[in-house]
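In what follows, a single structure is set out as structure tokens and then discussed.
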Amino acid sequence: GVLASAKTAKWLKSAIPGVHIPDHIIRRLEQAEKPKAEGRAIAIELMQQLAEIDGISGIHLMAYKQEEWASYHARDMAVVRGRLEGCPVVLASATPSLESRVNVERGRYRHVALTARASGTELPRLYAIDMRKAGPPRGRFLAPGLVAAIAETTGRGEQALLFLNRRGYAPLTLCRSCGHRFQCPNCSSWLVEHRFRGRLVCHHCGHSVPRPEACPSCGSLDSLTACGPGVERVADEIQTLLPERRTVVLSSDMGGGIHRLKAEFEAVARGECDIVVGTQMVAKGHNFPKLTLVGVVDADLGLAQGDPRAAERTFQLLGQVTGRAGRAFGNGIGLMQTFNPDSPVIAALISGDAERFYATELAERRAAAMPPFGRLAAVVVSAPTREEAEDWARGLARAAPPEPAVAVLGPAEAPLAVIKGRHRFRLLAHPARDFDLSAYMRLWMQASARPPAKVDVWVDIDPYGFL
């Protein structure tokens, strides 16, 4: 990490338990002419002093891939650093990535399997709720079977978690009279309603406006309707159905910042609420002793993406979040609402046969020469207008060095075509696994004209995001 200023260091020291930053480090930052550069130097010094063993927990998480400013994967940096320092590197995960599993098969990693939980309790039993046959009534999002399980669990003095990886109240707001949809003026995305804050917000650029009383297009009053659920709407529904239960929403964009979140996580751990409604942040390493039931509101959500890792990521996320159930005393249950209970991801989770899922996924990746059996490099071109972005992307495609071992795909408009007012096009280089992709990309960029100031060209080798 980097200590960007003395103020940051003081905040970390006070806000996060267990963080120890010596006073002489804070003084160095206060006296530095360039605090960020000094912070990087301090971080490197501390890492060198402490390099006896390097450990990364939850190594499968996408958050370890840096895709802004400089493109790198923290897992790979840890492995390189361990090699340079001569120290072991421990990559820990309950749902390791396909790349890590293949590295084990190739002898690059040793595989140490932990066959039981630290508490000794059994893993939760997982079941699918088929929303086609046992779904909720119109206008609701929680199936009767899930609501009944929550009522029974909390009635015993235990806790339940409702998981939905979607912030806010609803992902889309539209007018019933004229069909107007609220879209971000800077991005090709809908504005997300945050009812607790009374605002419509873009999750890509931060644009925010108050939720109007009337439609800005036709002027109709009381015609605006929320479409689809976010965690706030799920919390509203469960509070309506079980009003006597204490419910808390855990989401990164709720007011109060890290101090509020810290207090609420501690309150949940102490058993001071009955139902937790949360986003992806609740799936990461938290231990709630009284939590015995996890309900996944939309188990299909992560699968509807043009991403070669979509099935793997969904399997990892659902495995992690349902694993919160019964960690302390066992008897955990996970209920997953799905419209496709026969999908390989859901079937593997319910059967507990992770090896079959990984084998199927690896076979599909091998056949398509996708990572970890092939490599990818993304080139993203952005510009103030669509024409400028497309023209420059087409010029880049023409400048690609001819190489039989590399397929250059695109340009194509990015799925998120506009972000922060900039139009985006993508190209993809797809070579075999043992091809020197970095050298090829350097040749490609050198063969291309230097882009004008208003055009940005971003190269991401081994990309994890495809939006």
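Bear in mind the structure is a predicted one, so any value in this text is a computation, not a measurement. Computation of the quantities below employed the complete heavy-atom set of this structure, encompassing side-chain atoms and omitting hydrogens, waters and symmetry-equivalent molecules.
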Paired with Thr95, the side chain to side chain donor-acceptor pair (under 3.5 Å) test is passed by just one of Glu312, Gln316, Gln320, namely Gln320
Check each of Arg422, Glu388, Lys420 against Ser382 using the side chain to side chain donor-acceptor pair (under 3.5 Å) test, and report the only one that passes. Arg422
Distance from [X] atom [atom1] to [Y] atom [atom2], nearest 0.5 Å?
X      : Y      : atom1 : atom2 : answer
Leu146 : Ile238 : CG    : CD1   : 7.0 Å
Gln183 : Leu200 : CD    : CG    : 13.0 Å
Arg199 : His207 : CZ    : NE2   : 9.0 Å
Leu303 : Thr338 : CG    : OG1   : 8.0 Å
Leu428 : Leu376 : CG    : CG    : 5.0 Å

Are the side chains of [X] and [Y] in touch, meaning some heavy atoms are under 4.5 Å apart?
X      : Y      : value
Val268 : Cys273 : yes
Ile350 : Met336 : yes
Ile461 : Met441 : yes
Cys175 : Leu224 : yes
Pro451 : Trp392 : yes
Leu162 : Leu142 : yes

With [X] as the cation and [Y] as the aromatic partner, state whether NZ or CZ is under 6.0 Å from the six-membered ring centre and within 45° of the axis.
X      : Y      : value
Arg309 : Tyr464 : yes
Arg365 : Phe373 : no
Arg233 : Phe141 : no

So which atom in [X] and which in [Y] form the shortest heavy-atom distance, rounded to 0.1 Å?
X      : Y      : result
Pro415 : Leu467 : CD-O, 3.7 Å
Leu335 : Ala149 : CD1-CB, 3.7 Å
Leu416 : Arg424 : O-NH1, 2.7 Å
Ser251 : Leu261 : O-CD2, 4.0 Å
Ile419 : Cys187 : CA-SG, 3.7 Å
Ser188 : Ala417 : OG-N, 2.9 Å

Between the side chain of [X] and the main-chain N/O of [Y], is any donor-acceptor distance below 3.5 Å?
X      : Y      : value
Glu193 : Ala226 : no
Glu99  : Pro371 : no
Asp300 : Phe339 : yes
Tyr440 : Ala400 : no

Does the plane of the ring in Phe288 sit parallel, tilted or perpendicular to the ring in Phe265? Use 30° and 60° as the thresholds. parallel
Ring geometry between Phe357 and Phe315 (parallel below 30°, tilted from 30 to 60°, perpendicular above 60°): parallel
Flag yes if more than 12 heavy atoms outside Arg110 fall under 6.0 Å of its CZ atom; otherwise flag no. no
Can you tell me if Arg356 has over 12 outside heavy atoms packed within less than 6.0 Å of its CZ? no
Would you sort out whether Val408 and Trp444 count as a side-chain contact (heavy atoms from CB on, under 4.5 Å), showing the intermediate values? CA-CA 11 Å; Val408 176; Trp444 185 0; 3.8 Å; yes
Begin with the C-alpha distance, continue with both residues' side-chain angles, and end with the deciding distance and a verdict on side-chain contact (heavy atoms from CB on, under 4.5 Å) for Arg181 and Trp190. CA-CA 8 Å; Arg181 300 184 178 200; Trp190 308 120; 3.5 Å; yes
Strictly under 6.0 Å, is that where the ring centroids of Phe425 and His423 end up? no
Check this for me: does any side-chain nitrogen of one of Glu355 and Arg101 sit under 4.0 Å from a carboxylate oxygen of the other? yes
Should the pair Arg313-Asp307 be classified as a salt bridge under the 4.0 Å nitrogen-to-oxygen rule? yes
Ring pair (Phe, Tyr, Trp, His ring centres under 6.0 Å) between Phe196 and His194, worked out: CA-CA 6 Å; Phe196 292 174; His194 287 252; 9.0 Å; no
Take Ile150 and Leu293 through the test side-chain contact (heavy atoms from CB on, under 4.5 Å) and record every step on the way to the result. CA-CA 7 Å; Ile150 293 170; Leu293 173 67; 3.8 Å; yes
List the steps, then state whether side-chain contact (heavy atoms from CB on, under 4.5 Å) holds for Phe329 with Thr292. CA-CA 8 Å; Phe329 306 109; Thr292 59; over 6 Å; no
